[in-house]
**Student:** 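My questions all concern the structure below.
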Number of protein chains: 2
Amino acid sequence: MAQQSLTASVKDVAAAAGVSLGTVSNVLNRPDRVAAATREKVERAMAELGFVRNESARSLRAGRTRTLAYVMLDAGNPFFTDVAQGIEHAAEGAELSLFLCNSDARASREATHLGHLEQQRVQGILITPVDPESPVLDAIAHRGTPLVIVDRTRRGAQFCSVAVDDVLGGRLAVEHLVDRGHRRVALVGGPLSIGQVADRFEGARTAWTSAGLPPDDLTLLVADSLTVAAGRSAGERLAGIPSGRRPTAAFCANDLVALGLLQHATTTGLQVPEQLAIVGYDDIEFAAAAAVPLTSVRQPRQELGRAAADLVLDEAGNPQHEHRQVVFTPELVARASTRG
Amino acid sequence: MAQQSLTASVKDVAAAAGVSLGTVSNVLNRPDRVAAATREKVERAMAELGFVRNESARSLRAGRTRTLAYVMLDAGNPFFTDVAQGIEHAAEGAELSLFLCNSDARASREATHLGHLEQQRVQGILITPVDPESPVLDAIAHRGTPLVIVDRTRRGAQFCSVAVDDVLGGRLAVEHLVDRGHRRVALVGGPLSIGQVADRFEGARTAWTSAGLPPDDLTLLVADSLTVAAGRSAGERLAGIPSGRRPTAAFCANDLVALGLLQHATTTGLQVPEQLAIVGYDDIEFAAAAAVPLTSVRQPRQELGRAAADLVLDEAGNPQHEHRQVVFTPELVARASTRG
DNA sequence: TTGTACGCGTTATCAT
DNA sequence: ATGATAACGCGTACAA
C-alpha cells in the first residue's frame, strides 16, 4: 500500500519479496521458469509496492520501443480520424502503442513532431505529409526509421505508401453526374497544389471529355483550403454565375467543402439536388448525415490505415522488406444530393 | 552520410569527433561550456553520423519523460479533437510531446491505454473517462501519475478536473426554447448513465418548471448513444407522436444527436424550425455548418483542454499543488434551427 | 530454480 | 575547457 510515487523498481520488489532481482525479472518475462510459490510471493510484492514496469528502461535495453506513430494532416477532419482508427486496430493487434500527432497542415509542426518521434525511437512512422516531396521525409528514412506515406504518393519508390486512386475517384464522380444528365458541372476545391485535388480533378476532366462534352462547360472553382468555410465561399461564387450559364452540379474535392456548399445552397434557397446536385469525396459520416444526404466517393479509410500499419511493421521487422505502393479503389455512393 | 540505421550514440559521435563523451554531452546540454571550435567539430560529426538523441535513455536518466497524454472518449467526435487541440497548444508551450489515445468509450481499451501510459512514465494523464468513478483512475493517481479528468467531474476531490456547467447549459437551452414560445419540448439523448446527459436534462427540467410549465409537456426521448444514428432513430419516434401532442422543439444532448434529428426531419419533410425547432450541444463546427445551422450550447473546448493541461503540469511540477475543480460556463449560440 | 554481473545511451559530478 | 565515471531500471547471459 506504500505510495511510492511510481518509483518502485524490480530491485525494490526483489527486496520486498526476499528474492533476487533476476527472479523478479523472470516472473515478468518467463513466468514458467519460476516456482509457483515464489512467483506468487513476487506478485504480491509487486501489487503492494504498486510496481509498474519502466518502458524507458525496457526500450533502452531492447534497443527499440513498442510504439508506432501516425502524424495526421488534420485531426479535425473525420477522414483522418477514421484512418487513425484503422491504424490503431493494427497496432493493437501487434501489441504496440500508437502515438497520434496532428500537424494541422503546418510543415513546421510536422517537423517538430517528426523530430520528437525520431528521438522516441518509435518503431515506425505513418504520415500524411504536408508535402510528400519534402526532404525531411528522406532524412528520416535515411537515418533508419521505417516511414510509410498515407493517402499520398510520392514520385519514385523510396517509401512504402498507401493511397486511393484519386484519378479514378474523380472519374466516377463526374461520370455519375453526366449519367444523371448534367451538362454544366463545377469542380470545387483547392488548393491545386494538393496532389489529391489535382488528381481528382484530372479524373473529372477525363470523364468529361470522354463523354464528348465541351471543356468550357466544366467550370473550375478553386478554393484555398478543403474546409466547410471554403465550400461556403465557393457557393457564393457559384451563385454569382448567371443562371443560364450556372452549373447544375458540383463535384467537390472533399466532403467538408461539399457540406459548406450544401449549406450555402440551402440557406440561400437553392434546391439540392433539383437546382444544384452535389458530389463530395471521402464519404465521412457527416456526409451521409447531412440534411440532404451527400453523394460521395468513398475511400476505404480504415483499410487504408490498416494497410499502412502492416507495411510499416513489415519494414520494421522483415529484413527482406521491399517498398510497396498500395493503391485502393474508391467507390461512388449515390445519395439524395444527386437524385434529381 | 553513413546510414547508421538510427544507431549512432554520443559515444560514436565522440569517437568520430575525437573528443570525449562528456564533451559531446556538453555540446548538447551546455553549449556555452565548450569552445567554439570543438563545438563545431562535434556538430559536424553529429550531422555526418545522423545522430539522434535517444529519448528512452534521456528519460531513464532524468527519471521522467517529456510527454503528456490525453485519453479521448471518442476521437470521431469533433468536440474531443478540439479539446485535444487545446491540450496540444499547452503541451507545445511546455515543450512536451502529446500522446493521443482513443478509448472509443470502451473501458477495456481505456484500461489498456492507461497501463501503457503508466509504463511510459508520462508526466501526466488527461482523460475523459468512460466512467469517472472507476477505481482504475484511483489506482493510477495512487501510484503517482498526475491525472486530470476532462469534461467530467467526480465526487470527492481526489483529482483535478475541468468541466463545463452542464446543468446551466441545459437550462440555457430550454429557456431559449421557452422564450421562443415553445410549450411542448422533447429532450433527446442518452444513455442517462452518462453524467453530462443527466446534468443537461436536469438543467432543462429546472428551466421548464421554473417557467411554470407542466412537466408532462417535457417529453424524454432516451437514446442509447450520442451519435448521429441515435438522433435519426429518435426522429422516427418523434414523428410517431400524433401531431397534436408532438413537441414543437427538441433539445438534444449533443450536436451529433441533433444532426441526426435534423437529417430525419429534413428527409421526412418536417420543416426546421417551423415545425420542429432544434437545439444541440457542444457547438462543434458541423453544427454551424449544417444545412439548417444549428442553435447549440457552446462549450469552450480549446480552453477546456488548455486548463486541463495547466492543471496536470502544476500537479507534476509544483510540490504544493492542490487539486482543483475548474468549471467553465457554457453559452447559447442561437442560429436558424430555432429561429421561427 | 535462483542469483550475479554487465550493458543499453544519456547526463551530471568531479577531477584534471 | 575537457575528460573520466557512476547512475538511472531493466533484461539476459552465465554461474551457482
Side-chain angles (χ1 to χ4, degrees), chain A residues 4-43 45-46 49-66 116 118-123 143-144, chain B residues 4-43 45-46 49-67 116 118-123 143-145:
Chain A
Q4 296 293 69
S5 260
L6 203 54
T7 203
S9 75
V10 283
K11 201 186 292 181
D12 301 318
V13 174
V19 300
S20 89
L21 191 154
T23 300
V24 177
S25 177
N26 279 335
V27 171
L28 253 17
N29 304 301
R30 282 90 107 226
D32 43 307
R33 285 201 204 168
V34 48
T38 317
R39 194 175 61 216
E40 212 168 297
K41 200 166 53 175
V42 172
E43 278 165 352
M46 297 202 292
L49 293 172
F51 170 75
V52 175
R53 272 154 109 127
N54 183 322
E55 180 61 27
S56 294
R58 293 210 323 147
S59 307
L60 178 57
R61 177 67 236 232
R64 61 174 196 168
T65 59
R66 319 197 104 276
H116 284 152
E118 261 192 301
Q119 300 191 182
Q120 311 260 11
R121 298 289 195 277
V122 294
Q123 279 209 28
R143 280 184 229 108
Chain B
Q4 296 293 70
S5 260
L6 204 53
T7 202
S9 75
V10 282
K11 200 186 292 182
D12 301 319
V13 174
V19 300
S20 90
L21 191 155
T23 300
V24 177
S25 176
N26 280 334
V27 171
L28 253 17
N29 304 301
R30 280 91 103 228
D32 43 306
R33 285 202 203 165
V34 47
T38 317
R39 194 175 62 218
E40 212 168 297
K41 201 166 53 175
V42 171
E43 277 164 351
M46 297 202 292
L49 293 172
F51 170 76
V52 175
R53 272 153 111 127
N54 184 323
E55 179 63 26
S56 294
R58 270 164 51 99
S59 307
L60 177 58
R61 174 66 230 223
R64 62 175 195 169
T65 59
R66 322 197 102 275
T67 308
H116 283 153
E118 262 192 300
Q119 301 191 179
Q120 310 260 11
R121 298 289 195 277
V122 294
Q123 279 209 28
R143 279 184 228 111
T145 304

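Every value quoted in this text rests on a predicted model; they were computed, and no experiment measured them. In what follows, every chain begins at residue 1, and chains take the letters A, B, ... in the order their sequences are listed.
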**Student:** Measure the distance from CG on A:Leu28 to P on D:dC10 and round it to the nearest whole Å.
**Tutor:** 8 Å
**Student:** Please name the pair of heavy atoms, one in B:Pro31 and one in B:Val34, separated by the smallest distance, quoted to 0.1 Å.
**Tutor:** O-CG1, 3.0 Å
**Student:** Testing the basics here: between A:Leu60 and B:Ala57, what is the closest heavy-atom pair and its distance to 0.1 Å?
**Tutor:** CD1-CB, 3.9 Å
**Student:** Please confirm whether the backbone N or O of B:Ser59 pairs with a side-chain atom of B:Thr65, one donor and one acceptor, at under 3.5 Å?
**Tutor:** no
**Student:** Of all the choices, D:dA1, D:dC10, D:dT12, which nucleotide is nearest to the side chain of A:Ser25 once you look at every atom?
**Tutor:** D:dT12
**Student:** I want to check one thing: is the phosphate of D:dC8, taken as OP1 and OP2, less than 4.0 Å away from some side-chain N or O of B:Arg64?
**Tutor:** no
**Student:** Any side-chain N or O of A:Arg61 less than 4.0 Å from the OP1 or OP2 oxygen of D:dG9?
**Tutor:** no
**Student:** Does A:Thr23 make a side-chain N or O approach to OP1 or OP2 of C:dG3 shorter than 4.0 Å?
**Tutor:** yes
**Student:** Atom CZ of A:Arg121 to atom P of C:dG9: distance rounded to whole Å?
**Tutor:** 9 Å
**Student:** What contact category does A:Thr38 fall into here, base, sugar-phosphate, or nothing, at under 4.0 angstrom with non-hydrogen atoms?
**Tutor:** sugar-phosphate
**Student:** On DNA chain D, does the nearest nucleotide to B:Asp32 precede the nearest nucleotide to A:Arg33 from the 5' side, or the other way round? Give the residue.
**Tutor:** B:Asp32
**Student:** Using the closest heavy atom to pick a nucleotide of DNA chain D for each, name whichever of B:Ala57 or B:Val19 lands nearer the 5' end.
**Tutor:** B:Val19
**Student:** What is the nucleic acid contact for A:Gly22, judged by heavy atoms within less than 4.0 Å: base, sugar-phosphate only, or nothing?
**Tutor:** base
**Student:** For A:Asn26 and A:Leu21, find the nucleotide of DNA chain C closest to each by heavy atoms; which residue's nucleotide sits nearer the 5' end?
**Tutor:** A:Asn26
**Student:** For B:Ala16 and B:Leu49, work out which heavy atoms get closest and say how close.
**Tutor:** CB-CD1, 3.8 Å
**Student:** In whole angstrom, give the distance that lies between atom NZ of A:Lys11 and atom P of C:dA5.
**Tutor:** 13 Å
**Student:** Distance check: side-chain N/O of B:Arg30 vs OP1/OP2 of C:dT11, anything under 4.0 Å?
**Tutor:** no
**Student:** Which part of the nucleic acid, if any, lies within contact of A:Ser9, taking any heavy atom under 4.0 Å across all strands shown: a base, the sugar-phosphate backbone alone, or nothing?
**Tutor:** sugar-phosphate
**Student:** Rounding to an integer number of Å, can you tell me how far A:Arg39 CZ sits from C:dT2 P?
**Tutor:** 11 Å
**Student:** Measure from CG on A:Leu60 to C1' on D:dT12 and round the result to the nearest Å.
**Tutor:** 14 Å
**Student:** Given atom NZ of B:Lys41 and atom P of D:dT2, what is their separation to the nearest angstrom?
**Tutor:** 8 Å
**Student:** Rounded to whole Å, please give me the gap between CG in A:Asp12 and C1' in D:dC10.
**Tutor:** 13 Å
**Student:** Look at the side-chain N and O atoms of A:Asn29 and state whether any lies under 4.0 Å from the OP1 or OP2 oxygen of D:dG11.
**Tutor:** yes
**Student:** I'd like to know if A:Arg66 and A:Glu55 make a salt bridge, using a cut-off of under 4.0 Å between side-chain N and carboxylate O.
**Tutor:** no
**Student:** Calculate the interatomic distance between A:Gln120 atom CD and C:dT10 atom P; express it in whole Å.
**Tutor:** 14 Å
